[in-house]
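To start, the structure itself, in structure tokens.
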Amino acid sequence: MARSQEFDTTSAIAAALDVFWARGYEGTSLTDLETVTGLSRSSLYNSFTNKRGVFDAAVQMYLDHVIRPRLRGLTDNPTPHSVDNHLASLANAIATMTADSPRRGCLLLNATAGLGAHDDAVAAVIRGYRQELSDAIERGLQAQLPTATSETIEDRTRVLLSCTVSALVLARVDTTQAIATLESARRLNAEWQR
């Protein structure tokens, strides 16, 4: 008879998520994962196959519980104010993050910069994340600028996406500049509405 799983998988993944978010994929060891999850290496291997399996589960949790809820204001019945609200909310989240929080910046951008360059599966996840973020911003801009051409929407989406990604990278090392980048994006977006 097979042994039953004796731990809460969701809690283990959430603990691992914070370590990957703080240290990146390559900076996180199996010992780190054992420590934060309270699981033995054999339990981690039995449940997730390897470190990469734990990371993949953490990324999925991040997308489902952090990213997609944040994007709902842009994707679910967006209004003319959805883009500004999204940028303001992101700036506020960065501003209220403590210096010792493992959740500064973006898990995917923090954890995968090196890994994505040599791992096709991770690179595909990053491209998918970028596309999801781009699609959400585009949808918000369409609600904001219903008469704009598709080329105008695409150009403005690209600019706001670039500002957002820049702010998320900066949030790790310079929250003041991360917030300033988002505020600049908000001012630029306000000008587009005139």
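Residue numbers start at 1 and run along the sequence shown. Keep in mind it's a predicted model, so treat the numbers as computed, not measured.
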Requested in this report: Locate the shortest heavy-atom distance separating Val159 from Leu188; write the atom from each residue and the value.
Outcome: CG1-CD2, 3.7 Å
Query raised in the report: Can you say whether the rings of Tyr62 and Tyr129 are parallel (under 30°), tilted (30 to 60°) or perpendicular (over 60°)?
Result: tilted
Query raised in the report: Pairs in or reaching into residues 89-118: which pass salt bridge (charged side-chain N to carboxylate O under 4.0 Å, His left out), with residues at least two apart or in two chains?
Result: Asp18-Arg103
Requested in this report: Output all residues satisfying side-chain contact (heavy atoms from CB on, under 4.5 Å) with Thr149, sequence neighbours left out; order by chain, then residue number.
Outcome: Glu151, Thr152
**Report entry** Asn77 CG: over 12 foreign heavy atoms closer than 6.0 Å
**Finding:** no
Query raised in the report: Do Leu74 and Ile137 come within less than 4.5 Å of each other through their side chains, counting heavy atoms only?
Result: yes
Query raised in the report: Short question: side chain of Arg130, backbone of Leu161 - any donor-acceptor pair under 3.5 Å?
Result: no
Report task. Would you check if the side chain of Thr96 reaches a backbone N or O of Asn92 as a donor-acceptor pair within less than 3.5 Å? Result -> yes
**Report entry** Chi angles and distances behind the side-chain contact (heavy atoms from CB on, under 4.5 Å) call for Leu168, Leu90
**Finding:** CA-CA 9 Å; Leu168 291 171; Leu90 193 54; 4.0 Å; yes
Query - Distance under 6.0 Å and angle within 45° of ring axis: Lys51 vs Tyr45 - result: no
Report task. Quick one: pull up OG1 in Thr164 and CG in Leu87 and give me the separation to the nearest 0.5 Å. Result -> 5.5 Å
**Report entry** Minimum side-chain heavy-atom gap Val66-Trp21 below 4.5 Å
**Finding:** yes
Query raised in the report: Would you find a donor on one side and an acceptor on the other, under 3.5 Å apart, between the side chain of Asn110 and the backbone of Cys106?
Result: yes
Report summary line: Separation between OG (Ser134) and CZ (Arg127), nearest 0.5 Å, reads 14.5 Å
Requested in this report: State, yes or no, whether a side-chain contact exists between Glu132 and Arg68 at a heavy-atom distance under 4.5 Å.
Outcome: yes
Query raised in the report: Closest approach of Val83 and Gly140, non-hydrogen atoms and distance?
Result: CG2-C, 3.5 Å
Query raised in the report: Within the distance-only criterion (no hydrogens, no angle test), does the side chain of Ser101 pair as donor or acceptor with the backbone N or O of Met97 below 3.5 angstrom?
Result: no
Query raised in the report: With the threshold set at 4.0 Å, does a side-chain nitrogen-carboxylate oxygen contact exist between Arg156 and Glu138?
Result: no
Query raised in the report: What is the distance from atom CG of Asp76 to atom OG of Ser82, rounded to the nearest 0.5 Å?
Result: 9.5 Å
Query raised in the report: Do Phe20 and Val59 pass the side-chain contact (heavy atoms from CB on, under 4.5 Å) test, and can you show the C-alpha distance, the side-chain angles, and the key distance before you say yes or no?
Result: CA-CA 9 Å; Phe20 286 124; Val59 165; over 6 Å; no
Query raised in the report: With the 4.5 Å side-chain cut-off for hydrophobic clustering, are Val54 and Tyr25 part of the same group?
Result: yes
Query raised in the report: By side-chain contact (heavy atoms from CB on, under 4.5 Å), which residues pair with Ala15, not counting sequence neighbours?
Result: Val36, Thr37
Report summary line: CG (Leu160) and CG (Asn189) are apart, to the nearest 0.5 Å, by 5.5 Å
Query raised in the report: So how far is it from Ile67 CD1 to Leu133 CG, rounded to the nearest 0.5 Å?
Result: 7.5 Å
Query raised in the report: How far apart are the closest heavy atoms of Ile94 and Ala167, and which atoms are they?
Result: CD1-O, 4.2 Å
Requested in this report: Go through the steps for Ser184 and Arg187 under the test side chain to side chain donor-acceptor pair (under 3.5 Å), then give the verdict.
Outcome: CA-CA 5 Å; Ser184 293; Arg187 285 190 297 276; 3.3 Å; yes
Report task. Mind checking the CZ-NE2 spacing from Arg70 to His86? Nearest 0.5 Å is all I need. Result -> 7.0 Å
Query raised in the report: Are the side chain of Arg139 and the backbone of Thr75 linked by a donor-acceptor contact shorter than 3.5 Å?
Result: yes
Report task. Search all heavy atoms of Ala171 against all heavy atoms of Ala178 and return the closest pair with its distance. Result -> N-CB, 3.7 Å
Report task. Please confirm whether the backbone N or O of Leu170 pairs with a side-chain atom of Asp174, one donor and one acceptor, at under 3.5 Å? Result -> no
Report task. Mind listing the closest non-hydrogen atom pair of Leu71 and Ala136 along with its distance? Result -> CD2-CB, 4.0 Å
Query raised in the report: Can Leu44 and Glu34 be said to form a side-chain contact (heavy atoms from CB on, under 4.5 Å), step by step?
Result: CA-CA 8 Å; Leu44 287 169; Glu34 287 176 294; 3.9 Å; yes
Requested in this report: Kindly determine whether Arg52 and Asp119 satisfy side-chain contact (heavy atoms from CB on, under 4.5 Å), including the steps that lead there.
Outcome: CA-CA 11 Å; Arg52 178 57 188 281; Asp119 186 308; 2.4 Å; yes
**Report entry** Closest heavy-atom pair and its distance - Ala57, Phe48
**Finding:** CB-CE2, 4.1 Å
Query raised in the report: Same cluster or not: are Met61 and Val19 linked, directly or through other Ile, Leu, Val, Met, Phe, Trp or Tyr residues, by side-chain heavy atoms under 4.5 angstrom apart?
Result: no
Query raised in the report: Asp56 and Gln60: side chain to side chain donor-acceptor pair (under 3.5 Å), yes or no, with the steps?
Result: CA-CA 6 Å; Asp56 290 343; Gln60 192 59 55; over 6 Å; no
**Report entry** N/O donor-acceptor pair under 3.5 Å between Ser43 side chain and Leu39 backbone
**Finding:** no
